[in-house]
A.B. asks: 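Quick one: this structure, given as structure tokens, is what I'll be asking you about.
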Amino acid sequence: TTLENNSFIVQNNDGVWGVISISDTLGAVLPFEYSFIGLLGNINEEGTLSTNKFIVQKDTKWYIVDNTNNTLSGEISDPIVNFTNDYIFSKNTEQVRIYGFDNTEYLDKYTIRNYILEDKYIGIVTDNFLLVYEHLAQDYIKSVVLTDKNSNVDLEKVDNNLNIKINGEV
């Protein structure tokens with residue numbers, strides 16, 4: 001997949017990563033100072049991968065930075081696996097943690113095993129429950145008891161309704 005603005009994620013001879021842009025001249029978008037640089041799979045209208053925000057690791061901490069190397073989030077200890085305009089999702093081997101860009105941790109009273117993003121909804125899967133939120137700072141709007149912690153859980157918006165699927169059943 002091609003990146004926007006003729007950009008490329010590259011590793012230098014010292015083993016650190018940066019982002020360069022090749023147009024009329026060669027220029028650094030992100031300096032060579034990261035041990036990891038990643039992007040979400042956001043494809044724009046031109047069919048290229050959006051390079052507005054990057055997931056980066058510097059030393060042992062994870063961050064979201066923009067395409068001018070401004071740090072948009074606080075430091076996060078566990079690898080960042082996803083983000084929206086409002087939330088950052090990190091995951092270690094045990095659980096998912098959810099942060100705001102101001103580093104506020106949400107729902108830390110739960111052991112979150114997985115999450116589902118569907119339109120404006122966020123589904124939080126614990127060992128015993130599926131909790132559906134519109135905003136994590138508010139109460140959940142729907143709760144479903146999971147009889148098996150290995151249940152396959154999904155959310156699907158159809159018309160103006162949110163369907164909850166447990167093991168393929170609505």
Side-chain angles (χ1 to χ4, degrees), residues 1 4 9 17 19 30 33-44 49-170:
T1 301
E4 278 183 324
I9 299 172
W17 294 89
V19 176
L30 296 183
E33 62 184 24
Y34 298 107
S35 51
F36 175 90
I37 297 177
L39 290 166
L40 296 182
N42 297 331
I43 306 294
N44 62 25
L49 196 57
S50 174
T51 56
N52 292 332
K53 295 177 186 172
F54 295 87
I55 298 169
V56 298
Q57 183 185 28
K58 187 173 184 178
D59 301 318
T60 60
K61 302 299 182 188
W62 295 82
Y63 306 87
I64 305 293
V65 298
D66 68 13
N67 58 6
T68 60
N69 205 37
N70 291 315
T71 302
L72 303 177
S73 69
E75 65 180 37
I76 295 176
S77 299
D78 297 322
I80 295 173
V81 296
N82 202 350
F83 62 87
T84 66
N85 289 332
D86 300 311
Y87 306 109
I88 299 168
F89 299 83
S90 72
K91 187 170 186 174
N92 62 28
T93 56
E94 300 295 318
Q95 68 180 7
V96 173
R97 294 188 188 280
I98 306 171
Y99 300 91
F101 278 80
D102 63 356
N103 242 35
T104 300
E105 186 172 0
Y106 291 94
L107 308 177
D108 55 337
K109 64 184 175 184
Y110 298 112
T111 300
I112 301 171
R113 299 295 180 207
N114 202 2
Y115 66 94
I116 306 156
L117 300 175
E118 177 64 31
D119 193 44
K120 64 181 180 178
Y121 301 102
I122 302 170
I124 301 300
V125 181
T126 70
D127 283 341
N128 304 314
F129 295 97
L130 165 66
L131 305 171
V132 179
Y133 292 84
E134 283 189 49
H135 304 284
L136 296 180
Q138 299 172 354
D139 288 336
Y140 56 83
I141 59 171
K142 181 78 173 165
S143 172
V144 176
V145 174
L146 301 175
T147 57
D148 179 1
K149 74 177 187 177
N150 295 315
S151 295
N152 182 10
V153 180
D154 198 12
L155 300 177
E156 178 183 54
K157 187 172 179 197
V158 178
D159 298 321
N160 286 328
N161 297 315
L162 182 68
N163 292 334
I164 297 173
K165 292 183 179 181
I166 309 294
N167 297 323
E169 299 291 323
V170 178

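Heavy atoms only: backbone and side chains are in, while hydrogens, waters and symmetry mates are out.
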A.B. asks: Tell me, do L39 and F54 make a side-chain contact under 4.5 Å, heavy atoms counted?
C.D. replies: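 Result yes, sub-4.5 Å side-chain heavy-atom pair found.
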A.B. asks: Which value, rounded to the nearest 0.5 Å, describes the distance between I55 atom CD1 and Y63 atom OH?
C.D. replies: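 I55 atom CD1 to Y63 atom OH measures 14.5 Å (nearest 0.5 Å).
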A.B. asks: Are Y87 and H135 close enough that some pair of their side-chain heavy atoms sits under 4.5 Å apart?
C.D. replies: yes
A.B. asks: Any side-chain donor-acceptor pair under 3.5 Å between D86 and T84?
C.D. replies: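 No - no donor-acceptor pair under 3.5 Å links their side chains.
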A.B. asks: Do we see a donor-acceptor contact under 3.5 Å between the side chains of Y99 and D78?
C.D. replies: no
A.B. asks: When rounded to the nearest 0.5 angstrom, what is the spacing between CG in L130 and CD1 in I164?
C.D. replies: 5.5 Å
A.B. asks: When rounded to the nearest 0.5 angstrom, what is the spacing between CD1 in I98 and CG in L136?
C.D. replies: 5.5 Å
A.B. asks: Testing V145, I124, V144 for side chain to side chain contact (heavy atoms under 4.5 Å, CB included) with F129, which one passes?
C.D. replies: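 That would be V145.
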A.B. asks: Could you point out which residue of V125, V96, V153 forms a side chain to side chain contact (heavy atoms under 4.5 Å, CB included) with Y115?
C.D. replies: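 Of the listed options, the one satisfying the test is V96.
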A.B. asks: For N69 and E33, what are the C-alpha separation, side-chain angles and deciding distance, and is it a side-chain contact (heavy atoms from CB on, under 4.5 Å)?
C.D. replies: CA-CA 11 Å; N69 205 37; E33 62 184 24; 3.6 Å; yes
A.B. asks: How close do F89 and L117 get, heavy atom to heavy atom, and via which atoms?
C.D. replies: CZ-CD2, 3.7 Å
A.B. asks: Go through the steps for I88 and F83 under the test side-chain contact (heavy atoms from CB on, under 4.5 Å), then give the verdict.
C.D. replies: CA-CA 4 Å; I88 299 168; F83 62 87; 4.2 Å; yes
A.B. asks: Drop me the distance from D139's CG to Y133's OH, to the nearest 0.5 angstrom.
C.D. replies: 7.5 Å
A.B. asks: Using a 4.5 Å cut-off on heavy atoms from C-beta on, say whether the side chain of E134 contacts that of Y121.
C.D. replies: yes
A.B. asks: Within the distance-only criterion (no hydrogens, no angle test), does the side chain of E118 pair as donor or acceptor with the backbone N or O of K157 below 3.5 angstrom?
C.D. replies: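 Indeed, once roles are kept as given, a pair shorter than 3.5 Å links the two residues.
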A.B. asks: Can R113 and D127 be counted as an ion pair, charged N to O under 4.0 angstrom?
C.D. replies: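 Salt bridge flag = yes for D127 with R113.
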A.B. asks: Could you tell me the separation between the CG atom of L30 and the CG atom of N67, rounded to the nearest 0.5 Å?
C.D. replies: 7.5 Å
A.B. asks: Do S77 and K61 come within less than 4.5 Å of each other through their side chains, counting heavy atoms only?
C.D. replies: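 In contact.
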A.B. asks: Kindly indicate, with the supporting measurements, whether the criterion side-chain contact (heavy atoms from CB on, under 4.5 Å) is fulfilled by I9 and V19.
C.D. replies: CA-CA 4 Å; I9 299 172; V19 176; 3.9 Å; yes
A.B. asks: Drop me the distance from L131's CG to K142's NZ, to the nearest 0.5 angstrom.
C.D. replies: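 That separation rounds to 11.5 Å.
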A.B. asks: Test side-chain contact (heavy atoms from CB on, under 4.5 Å) on V56 and W62 and set out the steps.
C.D. replies: CA-CA 6 Å; V56 298; W62 295 82; over 6 Å; no
A.B. asks: I need the minimum non-hydrogen distance between V65 and L72, along with the two atoms involved.
C.D. replies: C-CD1, 4.1 Å
A.B. asks: Is D159 reaching over with its side chain to a backbone N or O of N161, donor-acceptor style, under 3.5 angstrom?
C.D. replies: no
A.B. asks: Under the 3.5 angstrom rule, does the side chain of D102 hit a backbone N or O of T104 as a donor-acceptor pair?
C.D. replies: yes
A.B. asks: Would you name the heavy atoms of G100 and Y106 that are closest together and state the gap between them?
C.D. replies: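 Where G100 meets Y106 most closely, the heavy atoms are N-CE1, 3.5 Å.
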